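Single-structure report; data block below.
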Amino acid sequence: MSAPVHSASPSPGPSPVRYELLGKDADARAGILHTRHGEVPTPAFMPVGTQATVKALSAEEVASTGARMAIMNTYHLWLRPGEAVVRELGGLHEFSRFRGALVTDSGGFQAFSLAARNKLSEDGFAFSSHLDGKKLQLSPEEAMRVQAALGADVAMQLDVCAPGMSGRPELIAALERTTRWAHRCLAARDPEQAVFGIIQGGSEVDLRLRHAEELSALPFDGLALGGFSVGEPPEQMHRTLAQVAPRLDPSRIHYLMGVGTPRDLLIAIRHGVDLFDCVMPTRNARNGQAFVTGGRLVIRNQRFRLDRAVLDESCDCAACTGGYSRAYLRHLYMAGEILAHRLLSLHNLRYYARLVAGARTAILEGRYESYFDTKMRELGD
RNA sequence: UCCAGCUUAGCUCAGUUGGCAGAGCAGGCGACUGUUAAUCGCCGGGUCCCAGGUUCGAGUCCUGGAGCUGGAG
């Protein structure tokens, strides 16, 4: 469809991203992901900005919550406005005005979540666009070409994400194809862009370990765990993570894709996960739920009608320091006012950022278990 | 004063040849995990304006009344 964005450089420069491990506490890790758009202290949580925007928030507001890295979406931006438009306008950083580091998801998850709209083959996903029905082919090479045009710091390989309760044959087929696509994605990569591989295998520990080994043999700049929180019970994911995450190549960053609840994060960090993304803080915010010390508040609940308290006394987000009462936020939400979505999104992202920042400090100070126990107790639910 | 239409859930309204009273919104509660999501699900709710009549059975048909709206005078 179009020429490569960059010609291969004769002598590849330094890797576009580099993971630096600063300290460990048991299996939990604290480090820094060095990128051309800043250093990302890890463990880190990435807000999801599917359409080159974290819904309801400006790029400055996202940064103000403490997020140093965000994830955007290849499939959605490919369809609209089109990767050529984004490239023409200077790439995703310039286009979206997000100053931190960026990763683009490859579209593999849309193949899962929009399964009814596409057909899987060895050459990728034959999509029917959810916008206009247009037929599109997302091959490993096309996913890399689009991501290179979008210009994030990190591209994700195209992968096959099997549903959570798949049997071993499907899980094996998915991970084997993902490995073949891993080679194709690396061959098609833009040398200026980091690429992460995606480990599949569902809840089967032996498959996960086998796939981790296969992908670790390849020159990926990071290792992601995909195919979690796709329908299986959370405890099942936790058990699998406990056996798999600590054995991942320690020299590379460990990214758990699409996860999750505060509890999921605390558990995954304990097993050595460094990076997360999830729609939960922002989607739930827009659906009226606030994450607070002690659990979650459904802001539309009648009990908040006359509640003068802010969402969380111990929170330093714009909504809480601004003094916006639960009663006012409830009113805004019930009235359908956009400000409710904005303030709750700011609050929830700040909650997630503080959760992982607290974990990082605790790891570096050798007291993660105590942090873990305290936070898990606070969560209650 | 006459004529016509209307009166059913908090609100706006459906309700077939007479056969177990409904929807949307509002309200209450819940869900949400690499976003097709300011989305989705569940629930509470009734003197069907009133009084008679016909009928096995009336929100529905008949008679009378009340209120509201519009028109005429």
Side-chain angles (χ1 to χ4, degrees), chain A residues 45-57 69-77 79-80 103-118 127-133 143 152 154-162 164 178 196-200 222 224-234 236-238 241 255-265 267-268 273 275-291 296-305 330 332-345 348 352 381:
Chain A
F45 178 83
M46 298 188 287
V48 179
T50 304
Q51 313 220 51
T53 168
V54 175
K55 293 184 192 296
L57 301 181
M69 188 167 184
I71 182 167
M72 295 180 177
N73 190 275
T74 299
Y75 171 82
H76 290 282
L77 296 169
L79 265 54
R80 180 175 56 192
V103 52
T104 41
D105 190 17
S106 61
F109 189 76
Q110 277 59 49
F112 164 80
S113 63
L114 301 173
R117 303 204 63 92
N118 69 82
F127 272 98
S128 157
S129 161
H130 72 282
L131 298 178
D132 61 7
V154 178
M156 299 303 300
Q157 77 152 109
L158 191 66
D159 66 325
V160 182
C161 180
T178 298
F196 289 4
I198 304 178
I199 299 161
Q200 292 290 337
L225 292 162
F228 279 117
S229 273
V230 283
E232 81 284 12
Q236 193 170 305
M237 170 177 76
H238 299 160
L241 283 175
Y255 166 27
L256 178 56
M257 304 188 77
V259 174
T261 64
R263 175 184 300 270
D264 292 335
L265 266 55
I267 293 170
V273 172
L275 188 61
F276 302 87
D277 78 279
C278 191
V279 302
M280 186 165 280
T282 45
R283 177 185 290 173
N284 288 26
R286 295 192 308 283
N287 292 334
Q289 190 175 73
F291 291 87
R296 310 178 189 185
L297 305 182
V298 179
I299 200 61
R300 64 174 180 273
N301 284 179
Q302 142 131 328
R303 54 192 258 248
F304 301 124
R305 197 169 66 91
R330 175 178 195 271
L332 290 178
Y333 189 84
M334 296 307 261
E337 286 293 337
I338 291 172
L339 185 57
H341 303 163
R342 291 171 38 69
L343 291 172
L344 289 173
S345 293
N348 283 352
Y352 269 65
D381 55 37

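Computed from a predicted structure; not experimentally measured. A, B, ... follow the sequence lines: proteins, then strands. Residue 1 opens every chain.
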Taking the [atom1] atom in each of [N] and [M], what is the distance between them to the nearest angstrom?
| N | M | atom1 | answer |
| --- | --- | --- | --- |
| B:G64 | B:G28 | P | 46 Å |
| B:C56 | B:G18 | C1' | 12 Å |
| B:C61 | B:U7 | P | 11 Å |
| B:G10 | B:G57 | P | 30 Å |
| B:U47 | B:U54 | P | 26 Å |
| B:C13 | B:C20 | P | 25 Å |
| B:A51 | B:C29 | C1' | 42 Å |
| B:A72 | B:G27 | P | 42 Å |

[X] side chain to [Y] backbone, donor-acceptor under 3.5 Å:
| X | Y | result |
| --- | --- | --- |
| A:Arg342 | A:Leu57 | no |
| A:Asp105 | A:Tyr75 | no |
| A:Ser106 | A:Gln157 | yes |
| A:Arg117 | A:Ser128 | yes |
| A:Asn118 | A:Phe127 | no |
| A:Ser345 | A:His341 | yes |

Hey, does A:Met334 reach any base, or is it just sugar-phosphate, or nothing, if we go heavy atoms under 4.0 Å? sugar-phosphate
Side chains of A:Asp159 and A:Gln200 only: does a donor on one sit below 3.5 Å from an acceptor on the other? yes
Output the rounded distance in Å from [atom1] ([X]) to [atom2] ([N]).
| X | N | atom1 | atom2 | answer |
| --- | --- | --- | --- | --- |
| A:His130 | B:U36 | NE2 | C1' | 4 Å |
| A:Gln302 | B:G44 | CD | P | 18 Å |
| A:Leu344 | B:U39 | CG | C1' | 15 Å |

Want to settle it: does A:Ile338 or A:Arg303 sit nearer the 5' end of RNA chain B, counting the closest nucleotide to each? A:Arg303
Scoring nucleotides 30-35 of chain B by protein non-hydrogen atoms under 4.0 Å (B base, S sugar-phosphate only, - none) yields BBBBBB
What stems, by residue range, does RNA chain B take part in, given at least 3 consecutive Watson-Crick or G-U pairs under 3.5 Å? B:1-7 with B:66-72, B:10-13 with B:22-25, B:27-31 with B:39-43, B:49-53 with B:61-65
From CA spacing to verdict: side-chain contact (heavy atoms from CB on, under 4.5 Å), A:Lys55, A:Thr282: CA-CA 7 Å; A:Lys55 293 184 192 296; A:Thr282 45; 5.7 Å; no
Can you tell me how far the CG atom of A:Asp277 sits from the CD1 atom of A:Ile71, to the nearest 0.5 Å? 4.5 Å
